[in-house]
Amino acid sequence: MNSPEQPLPTFDEVLLCTPQTSAEQVGLFLRRCLIPCPRGDKIYTMLYADELSYDVSCRAEELFQRLQCYNSSYRLIILCNCERENSYLPSAFSHCKVHMIPQRSQAEMQQYLQHHFRVAQPAGSAAAVFQEHMCVGIVSSKRAGMGK
C-alpha cells in the first residue's frame, strides 16, 4: 500500500479460514507459501486462523514445521481475533506474535481501495449500483433479515 499502483493480493495469496476450512486447503496454501518457486515477492496471509478446527490447526502446524526448512525467506502473516488468541494455531505461533498498529490513516486506506475497486465504465455492470462506481460494496442493516 506504499503506492496506489501496488496491486491488491491475488487469490492465491490469501486464505480466509472458517470452521469448515479443510486441512487440504490449508496444506495447499502453506505449500504455495513455503516451497520456493519463481513467483515474485508475494506476501501470504491466513485470515481468521483462530477459526480453524483443532485437527486442521494441528495438521497445519505439523506441515509448517516440515516445510519451513525449504524456504528461509517466506513471507507469511497469520491474522486472528485477539479475543481468540488462545486457540491452537495462534498459540502455536505465539512466539512470532506482533501486535500491529495501522501505519496509514483510515482515509488513506479507503482511497487505496477505491483506486483498485473503481470501475471505469460502469454501464452494464453491477458497479453502477454502488456509490462512485465501485465493483464491491457493503450492504448492512441494523435489523436482521430485512432482505439484504
Side-chain angles (χ1 to χ4, degrees), residues 1-104 106 108-120 122 124-127 129-130 133-141 143-148:
M1 204 182 109
N2 292 329
S3 91
E5 302 311 313
Q6 216 172 6
L8 291 169
T10 58
F11 70 94
D12 64 329
E13 293 176 87
V14 178
L15 179 64
L16 180 61
C17 301
T18 68
Q20 291 75 37
T21 302
S22 69
E24 289 76 22
Q25 290 171 306
V26 176
L28 287 171
F29 179 78
L30 288 175
R31 283 179 179 84
R32 279 195 302 265
C33 173
L34 296 169
I35 295 177
C37 72
R39 59 180 155 230
D41 293 330
K42 292 187 174 189
I43 300 173
Y44 293 89
T45 307
M46 290 178 71
L47 298 170
Y48 305 116
D50 53 294
E51 295 280 331
L52 294 173
S53 69
Y54 180 81
D55 181 51
V56 171
S57 295
C58 289
R59 291 174 63 186
E61 182 196 12
E62 289 170 12
L63 181 61
F64 178 85
Q65 298 300 335
R66 271 198 328 262
L67 294 177
Q68 76 173 354
C69 65
Y70 292 107
N71 186 358
S72 61
S73 63
Y74 65 89
R75 296 174 4 166
L76 174 64
I77 298 170
I78 300 174
L79 295 174
C80 66
N81 182 338
C82 64
E83 294 174 5
R84 293 181 41 97
E85 66 184 347
N86 292 327
S87 59
Y88 186 87
L89 209 55
S91 294
F93 290 98
S94 64
H95 63 284
C96 303
K97 185 187 330 185
V98 176
H99 290 281
M100 292 298 300
I101 297 171
Q103 300 297 308
R104 303 278 189 227
Q106 182 177 353
E108 287 176 304
M109 288 187 266
Q110 287 174 335
Q111 187 177 20
Y112 172 79
L113 292 172
Q114 285 175 351
H115 173 76
H116 287 285
F117 290 127
R118 184 170 286 120
V119 175
S125 167
V129 174
F130 291 110
H133 309 296
M134 296 292 142
C135 63
V136 295
I138 297 174
V139 178
S140 65
S141 171
R143 295 176 56 194
M146 298 305 294
K148 293 183 282 300

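Both backbone and side-chain heavy atoms feed into the values below; hydrogens, waters and symmetry mates do not.
- At least one side-chain heavy atom of Arg31 sits under 4.5 Å from a side-chain heavy atom of Leu63.
- Here the closest non-hydrogen pair linking Cys69 and Arg66 is SG-O, 3.4 Å.
- Within 6.0 Å of CD in Gln68 there are more than 12 heavy atoms belonging to other residues, nucleotides or ligands.
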- When you look at Tyr74 and Leu67, which way does the side-chain contact (heavy atoms from CB on, under 4.5 Å) test go after all the steps? CA-CA 10 Å; Tyr74 65 89; Leu67 294 177; over 6 Å; no
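- How far CD of Gln20 is from CD of Gln25: 10.0 Å, rounded to the nearest 0.5 Å.
- Heavy atoms of other residues, nucleotides or ligands lying less than 6.0 angstrom from OH of Tyr48 number 12 at most.
- The distance from the SG atom of Cys80 to the CG atom of Asn86 is 9.5 Å, given to the nearest 0.5 Å.
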Throw together a table of side-chain donor-acceptor distances under 3.5 angstrom for residues 53-62, partners on residues two or more places apart or in other chains.
unit_1 : atom_1 : unit_2 : atom_2 : d
Ser53  : OG     : Val56  : N      : 3.3
Ser57  : OG     : Ser53  : O      : 2.9
Glu61  : OE1    : Tyr88  : OH     : 2.4

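- Within a 6.0 Å sphere centred on CD of Gln106, other residues, nucleotides and ligands contribute 12 heavy atoms or fewer.
- Just one of His116, His115, Glu13 meets the side chain to side chain contact (heavy atoms under 4.5 Å, CB included) condition when paired with Leu8; it is His116.
- For the pair Asp50 (side chain) and Ser87 (backbone), a donor-acceptor distance under 3.5 Å is absent.
- To the nearest 0.5 Å, atoms OG1 (Thr45) and CZ (Arg75) are separated by 10.0 Å.
- Annotation: the span from Thr18 atom OG1 to Leu47 atom CG amounts to 12.0 Å, rounded to 0.5 Å.
- The shortest heavy-atom contact between Ile78 and Phe93 is CD1-CD1, 3.9 Å.
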- Task: Begin with the C-alpha distance, continue with both residues' side-chain angles, and end with the deciding distance and a verdict on side-chain contact (heavy atoms from CB on, under 4.5 Å) for Leu76 and Leu30.
- Result: CA-CA 9 Å; Leu76 174 64; Leu30 288 175; 4.2 Å; yes
- Take Val26 and Met46 through the side-chain contact (heavy atoms from CB on, under 4.5 Å) test and state the conclusion after the steps. CA-CA 9 Å; Val26 176; Met46 290 178 71; 4.2 Å; yes
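- Cys33 contributes atom SG, which lies 13.0 Å from atom CG of Leu28 (distance to the nearest 0.5 angstrom).
- Within the structure, ring pair (Phe, Tyr, Trp, His ring centres under 6.0 Å) contacts touching residues 3-33 (residues at least two apart or in different chains) are Phe29-Tyr44.
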